Structures are given as structure tokens and as C-alpha cells.
Amino acid sequence: MDKIYFVLFHIFRFLVTFIPRALLDPLLVFIADIVRLCDSKHRFIMMTNLNLAYEDTLSLAQKKAIIKEVYRNLAFNGADFVRNYPTTKEAILKKVRFENEDIMQQALESKRPIVFQTGHYGNWELVSLALAARYGALSGIGRPLDSPMMNHIVRQNREQLDIELIDKKGAMRPMLKAVKEGRNIGLLVDQNTSRRAGIIVKFFGKDVRHTPAASIMARRVSGLIVPVFISTDDHKVYTLTFYDPIEVANTENMEHDILEATQAQANVMEAVIRAKPEEWFWFHRRWKGEHKSAYGIRKRRKRDV
């Protein structure tokens, strides 16, 4: 399977590299639509997510339209990933404009460590490249892909422009080292977590498990959490928007401090998604931890002792 992914990537890379954009863009739409029609598993997951998030406030037709656009967005993201393999600061800054940049400027002037909060939204692979191109050294935290070959390709792309990747397993010590070296920290914090790794917050009005990693890190180093998300209308020019920083309190009640800051991150993420839901990666089972039955997952029974 690993080799199949590798071959498919290079076929896709060939198409993106050599087909004129006027022909490539409709081809990407066609590929995305075919994959969507064949991918019943993820269509089910996405519809379940949309039903949990919006209930009956959106019609079935509206939800199906969102799903269609999500597949297309993913195809265009893949094409841009190829174009950035490799890339330069100049190329990145040419296609990304920065909105609410005064927020970032104030954060820099505070001389405090910066922890960027983002998620699988818009062209998320471009976020770290844009931040590094504009503001310098960045350390991103994430999990290696299951496919070793694809993990190597993705890692090569993500580690350009003085970006360092830190494995999420045992990440605290490397993150602290990165902060001491003056590097900014970046985390994607919108996926479901295990019971041990996450805390419960409200997301679209429902309980979900959310990683407190950004909150813990910012509290530990007296840093600022700066939410940042990227969006586009044409997959040619992208807008990277900064949102108001999230302060993590440092009281005697650490658990409450972390929960408040983590809930604030979930609130920002929800607001961004509601503004343009077709750009979020609805593929993952975001509410799985607390709403297993919605996905058809049976709770495990404890074995009789």
C-alpha cells in the first residue's frame, strides 16, 4: 500500500507540473468528484459530522454541497502542495496576504513566546510555510503519517524555510528547547484525542475531546496563543488571518486555567468553520470520543472478571 501511495503521488505531481492551469483546475474538480462518489466511508463520516454540528439548521442539500466542496478543496490543496515542493520565501509571500497583521506585530513587540493555534482548515499545509517565510524560525508539532514513504515526502515539504518538525509523542522537552532558541511554536488542535490526551470542551454545542497542548505550553513559558487560519476564494491567492491572542491564566487552579484557554481555542475554531464550512477537513471523526453511536461505533464491554 505504501508503494501505491508513492506512485499515485508522483502521477499527481506529473499532472500538476506539466498540465496548464486552465486545463488542470477542471481536471482537479473532476478527480475530486469521482473520488467523492467512490468514497462512501468518508461521505458517511462527513455527513455524521455535519449532522452533529448543524443538526437541522442546514438542509440535506446544503450539507451535500459542503461535502462536495470539501473534496474539491482537498484536491486543490494537493496541487498547491506539489507546487511548494520545493519552494522559496518569495514564492510563498507572493501568493499569501496577511490580515489583522497588527495582532501579530503586537505579539512580537511583547517579546513573549508565541504559540500558533491552527487546524485542518483551508490550505493548512501553507500556514507554516507562510508564517516561517514572514516571521522566521518555526517549530511545528505533529504525528508522523502511517505511510513511511508519504511521511518522508510530507516531511521534506514541511521542513522548508527553517521549519522544524517535532513528534507529538514526548514533544514538551523539544518544544521548550525551541522556545529557548527563539523559535515560534505551531500546533494543529482540531482533531479528536484519546481520553488521556484530551480534555472535554464544547464544540458546536457538543462535548468533544480537545488537546490542551497549546494551553499547557503557553502557560509553561508565559507565552501567547495566537490563532491563525488560512482561506481562499480561488486557490491562487490565500489570506492568512490572525485572531485575538488567547491568554492562559496562571492561578493556583491550573486545571481551570488550561480548560478556559482550551475552550477559547475551540470557540475560535468553531467561528472560523461557521464562516466558511466548506474549507474545514470534515473527514475526521471529531466527536467520536463522546458520540460514538453517531458513527456506528459500539462501546467496548468490559470483560467479566
Side-chain angles (χ1 to χ4, degrees), residues 5 9 12 28-29 31-33 35-36 38-54 58 62-82 84 116-130 140-147 150-151 153-154 157-158 168 186-193 198 201 203-204 206 208-211 213-214 227-233 235 238-241 243 265-289 291 294-295:
Y5 289 141
F9 171 76
F12 185 71
L28 291 174
V29 170
I31 292 172
D33 288 348
V35 172
R36 172 174 54 85
C38 296
D39 188 13
S40 59
K41 173 185 174 181
H42 287 104
R43 288 203 318 273
F44 170 76
I45 292 172
M46 295 167 78
M47 185 58 74
T48 301
N49 286 335
L50 286 163
N51 287 337
L52 286 167
Y54 290 100
L58 291 181
Q62 287 174 309
K63 292 171 184 174
K64 286 183 175 180
I66 290 171
I67 291 172
K68 179 189 290 186
E69 290 304 316
V70 172
Y71 275 93
R72 292 179 177 182
N73 185 66
L74 194 60
F76 280 94
N77 283 358
D80 193 65
F81 178 92
V82 169
N84 298 332
F116 291 114
Q117 169 216 343
T118 191
H120 296 83
Y121 184 86
N123 187 355
W124 66 86
E125 290 288 346
L126 187 55
V127 172
S128 57
L129 293 173
I141 289 78
R143 182 183 71 84
L145 299 182
D146 295 331
S147 164
M150 287 308 301
N151 185 65
I153 290 170
V154 171
N157 206 29
R158 289 176 175 175
K168 66 182 292 186
L187 297 96
L188 290 94
V189 295
D190 60 337
Q191 289 191 320
N192 183 57
T193 70
V201 299
F203 189 60
F204 282 85
K206 293 179 174 61
V208 292
R209 290 273 167 185
H210 195 293
T211 175
V228 57
F229 297 93
I230 199 163
S231 183
T232 185
D233 292 322
H235 301 284
Y238 298 84
T239 300
L240 190 146
T241 304
Y243 294 81
Q265 293 165 58
N267 293 345
V268 174
M269 185 80 244
E270 180 179 333
V272 169
I273 295 169
R274 285 187 180 278
K276 204 173 180 186
E278 64 271 22
E279 290 208 65
W280 192 43
F281 190 77
W282 291 90
F283 284 83
H284 56 253
R285 295 180 291 188
R286 182 65 182 97
W287 287 266
K288 181 180 71 170
H291 300 274
Y295 299 97

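Since we're looking at a predicted model, the values are computed, not measured. Only heavy atoms go into these numbers, but all of them, side chains included; no hydrogens, no water, no symmetry mates.
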Any side-chain heavy atom of [X] within less than 4.5 Å of one from [Y]?
X	Y	answer
Leu28	Arg72	no
Trp280	Asn73	no
Trp282	Ile66	yes
Glu278	Lys276	yes
Val154	Leu145	yes
Gln117	Leu187	no
Val189	His210	yes
Phe12	Phe81	no

For the backbone of Tyr238 and the side chain of Thr232, can you confirm whether one donor and one acceptor N or O come within less than 3.5 Å of each other?
no
Asp39 side chain to Val35 backbone, donor-acceptor under 3.5 Å:
no
Heavy-atom closest contact ([X] atom, [Y] atom, distance):
X	Y	value
Leu58	Lys63	O-CE, 3.5 Å
Arg285	Asn192	O-CB, 3.6 Å
Thr118	Val228	OG1-O, 2.8 Å
Trp124	Leu188	CD1-CD2, 4.0 Å
Ala294	Thr48	O-CG2, 3.3 Å
Ala53	Trp287	CB-CH2, 3.8 Å

Working for side chain to side chain contact (heavy atoms under 4.5 Å, CB included), residues Lys64 and Met47
CA-CA 8 Å; Lys64 286 183 175 180; Met47 185 58 74; 3.9 Å; yes
Working for ring-ring contact (aromatic ring centres under 6.0 Å, His included), residues Tyr54 and Phe204:
CA-CA 8 Å; Tyr54 290 100; Phe204 282 85; 5.5 Å; yes
[atom1]/[X] to [atom2]/[Y] distance, rounded to the nearest 0.5 angstrom?
X	Y	atom1	atom2	value
Thr211	Gln265	OG1	CD	8.5 Å
Asn51	His291	CG	NE2	13.0 Å
Phe44	Asn49	CZ	CG	9.5 Å
Arg143	Asn151	CZ	CG	9.0 Å

Less than 4.0 angstrom from a charged side-chain N to a carboxylate O is my criterion; do Asp190 and Arg286 meet it?
no
Salt-bridge present (Asp33, Arg36; N to O < 4.0 Å):
yes
Suppose we call two aromatic rings close when their centres sit under 6.0 Å apart. Are Phe283 and Tyr71 close by that rule?
yes
Show the numbers, then the answer: is there a side chain to side chain contact (heavy atoms under 4.5 Å, CB included) between Tyr121 and Met269?
CA-CA 9 Å; Tyr121 184 86; Met269 185 80 244; 4.0 Å; yes
One pair to check against side chain to side chain contact (heavy atoms under 4.5 Å, CB included): Ile273 and Phe203. What are the steps and the verdict?
CA-CA 11 Å; Ile273 295 169; Phe203 189 60; 3.7 Å; yes
Pair Asn84, Leu126 - check side chain to side chain contact (heavy atoms under 4.5 Å, CB included), show working.
CA-CA 9 Å; Asn84 298 332; Leu126 187 55; 3.8 Å; yes
